[in-house]
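Read the structure below first, then the notes.
Worth knowing before you read on, the calculation uses all heavy atoms, side chains too, and leaves out hydrogens, waters and symmetry mates. Not measured: the values here are computed from a predicted model.
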Amino acid sequence: MARNQGRHRIARRTKIATALLGLSIAVGGLVVSTTAGDPERASADEVDKSQFVDITKVRPNVDEPRPGRNASTGSFTVDCGRNENGHFNPDNFIAQPGIRNGAQHLHDYVGNLSTNADSDNDSLLGAGTTCANGDESAYFWPVVRIDTGEEAGQQRNRNDEQEQARLEEPNADNELAGNDGEIQRPAVVDITFKGNAREKVKEMPKFLRILYGDAKVTTNGPANARESWTCTGFENRLVKQYPICPEGSDVKRVHTFPSCLDGNNIDSENHRDHIKYPDENGECADGLTAVPELTISLTYEIPRQIQVNGQYKVDSFPEEDHNPFSDHDDFANVMPGRVMDRLVDCVNEGRKCRE
């Protein structure tokens, strides 16, 4: 069983507001809030409100390439649940293999049941999965939390906090230094593989690793960071800030992974050189082969007043201070061959499939 399953803080600082929908979901001893604290109690203590933007004031900026004659236009959606089993940990076996708390922030997991710092190809294979079709791939991303900041008046020493984050395991409430608040389970987790606008796709090699975004954008610069945030009904625009959605619309993260592979390499030293994004026309560069394009979309039912008050945030490395532009996602392919074959056939034949 993964470390820290089934635990997170239940309103130690955040008082659940009956006026806002005081609903919690209990699954196997895990309680994950799907609502928020009283937004009138205090303002958020961790997130800079200048990092929030009204999505209705953002112009459409998502351009899909027009499919060519040989395009692979199908889609293949996998149902892996919403982490109802409470698989959390602050590890990343791709970027920080073997290092407990290597991520210094908490990840949400679906798919493979065993994923932690010590995962490798052998341990992932046959470990079981939350995916309905037997896909044992590992899918994981940083959690989103609501934090109404009732301890905002208690000043902290930032250097001490960062040092703590390097050393501490999550506490009994699944909090780390600098990453606290009510974990929000996504209302919708959509895992969909699509094709390529210019060519048919080939099978992903088993154990292929792919990263989306950059968890250390402040240190590394924006080259690998991606605009990930939007609202339901406004998916034609993506922003690097946290969105404020209109009534009736929910906060959404959209993570589209690179899909042009360098031969059969499953990884590279920086975890990026072996797989790249297609160009603006959807074409892979010379020497690269199109593989199915993975998009993970995560929808959160965060009360609008919480959004307006700047009281929700994504977990991050301490130096990122919940920068929304540091949003990221990780994938390791452990699909059985028969599932990958169905995926590729579906996408290349232009069908829409769900499993």
Side-chain angles (χ1 to χ4, degrees), residues 20-21 33-36 39 44 47-67 73 75 77-79 82 108 110 139 141-147 182-195 197 212-214 217 222 224-259 277-278 280-282 293-316 322-329 352 354:
L20 280 178
L21 175 65
S33 175
T34 59
T35 182
V47 178
D48 180 355
K49 287 182 67 174
S50 69
Q51 293 182 328
F52 287 73
V53 63
D54 182 343
I55 199 69
T56 65
K57 296 181 180 178
V58 177
R59 292 185 176 182
N61 59 10
V62 176
D63 295 317
E64 298 287 346
R66 181 172 296 182
T73 58
S75 65
T77 299
V78 183
D79 178 7
R82 300 180 296 120
D108 235 336
V110 300
Y139 305 89
W141 52 84
V143 301
V144 167
R145 303 181 192 255
I146 285 177
D147 187 355
E182 295 286 345
I183 295 171
Q184 303 299 295
R185 176 181 293 141
V188 178
V189 174
D190 184 280
I191 298 174
T192 295
F193 294 84
K194 294 185 178 180
Y212 166 87
D214 193 339
V217 61
N224 294 309
R226 312 289 292 185
E227 296 177 335
S228 305
W229 299 87
T230 187
C231 300
T232 56
F234 295 85
E235 287 88 351
N236 63 348
R237 62 206 75 181
L238 291 170
V239 294
K240 63 182 180 181
Q241 302 97 336
Y242 295 109
I244 298 172
C245 306
E247 292 289 350
S249 176
D250 292 322
V251 173
K252 188 171 184 179
R253 301 157 76 185
V254 179
H255 301 157
T256 299
F257 288 69
S259 57
Y277 282 95
E280 61 184 8
N281 296 315
E293 178 189 78
L294 168 61
T295 297
I296 299 178
S297 300
L298 309 165
T299 303
Y300 299 85
E301 295 176 347
I302 297 174
R304 189 171 190 278
Q305 195 59 51
I306 292 293
Q307 300 174 39
V308 171
N309 289 352
Q311 293 175 326
Y312 77 96
K313 60 189 182 182
V314 69
D315 266 27
S316 71
H322 309 289
N323 180 358
F325 203 26
S326 72
D327 197 13
H328 57 281
D329 212 321
K352 292 186 177 180
R354 301 185 70 91

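Using a 4.0 Å cut-off between charged nitrogen and carboxylate oxygen, D79 and R354 do not count as a salt-bridge pair.
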Show your reasoning for whether side chain to side chain contact (heavy atoms under 4.5 Å, CB included) applies to V78 and F193.
-> CA-CA 8 Å; V78 183; F193 294 84; 4.2 Å; yes
Carefully, step by step, assess V188 and Y300 under the rule side chain to side chain contact (heavy atoms under 4.5 Å, CB included).
-> CA-CA 7 Å; V188 178; Y300 299 85; over 6 Å; no
Let me see the working for S75 and T192 under side-chain hydrogen bond (donor to acceptor under 3.5 Å, both in side chains), right down to the final yes or no.
-> CA-CA 7 Å; S75 65; T192 295; over 6 Å; no
Apply side chain to side chain contact (heavy atoms under 4.5 Å, CB included) to Y242 and V53, showing your working.
-> CA-CA 6 Å; Y242 295 109; V53 63; over 6 Å; no
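Among the candidates R253, K252, K240, the single residue satisfying the salt bridge (Lys or Arg N to Asp or Glu O under 4.0 Å) test with D327 is R253.
Within 6.0 Å of CG in D63 there are 12 or fewer heavy atoms belonging to other residues, nucleotides or ligands.
The nearest pair of heavy atoms linking T256 to Y277 is O-OH, 2.7 Å. D329 approaches H255 most closely through the heavy-atom pair OD2-ND1, 2.6 Å. Nearest heavy-atom pair across D315 and P142 is O-CB, 3.6 Å. When all heavy atoms of H322 and V314 are compared, the closest pair comes out as ND1-O, 2.9 Å. Contact detail for R237 and P60: the closest heavy-atom pair is NH2-CG, 3.7 Å.
Using the six-membered ring where Trp is involved, F257 and Y212 have ring planes that are tilted, between 30° and 60° apart.
Residues T230 and P243 have side chains not in contact (no heavy-atom distance under 4.5 Å, counting atoms from C-beta outward). By the 4.5 Å heavy-atom criterion applied to side chains, D250 and C231 are not counted as neighbours.
A cation-pi arrangement is absent between R226 and F325, since the terminal nitrogen or guanidinium carbon is not both under 6.0 Å from the aromatic centre and inside a 45° cone about the axis.
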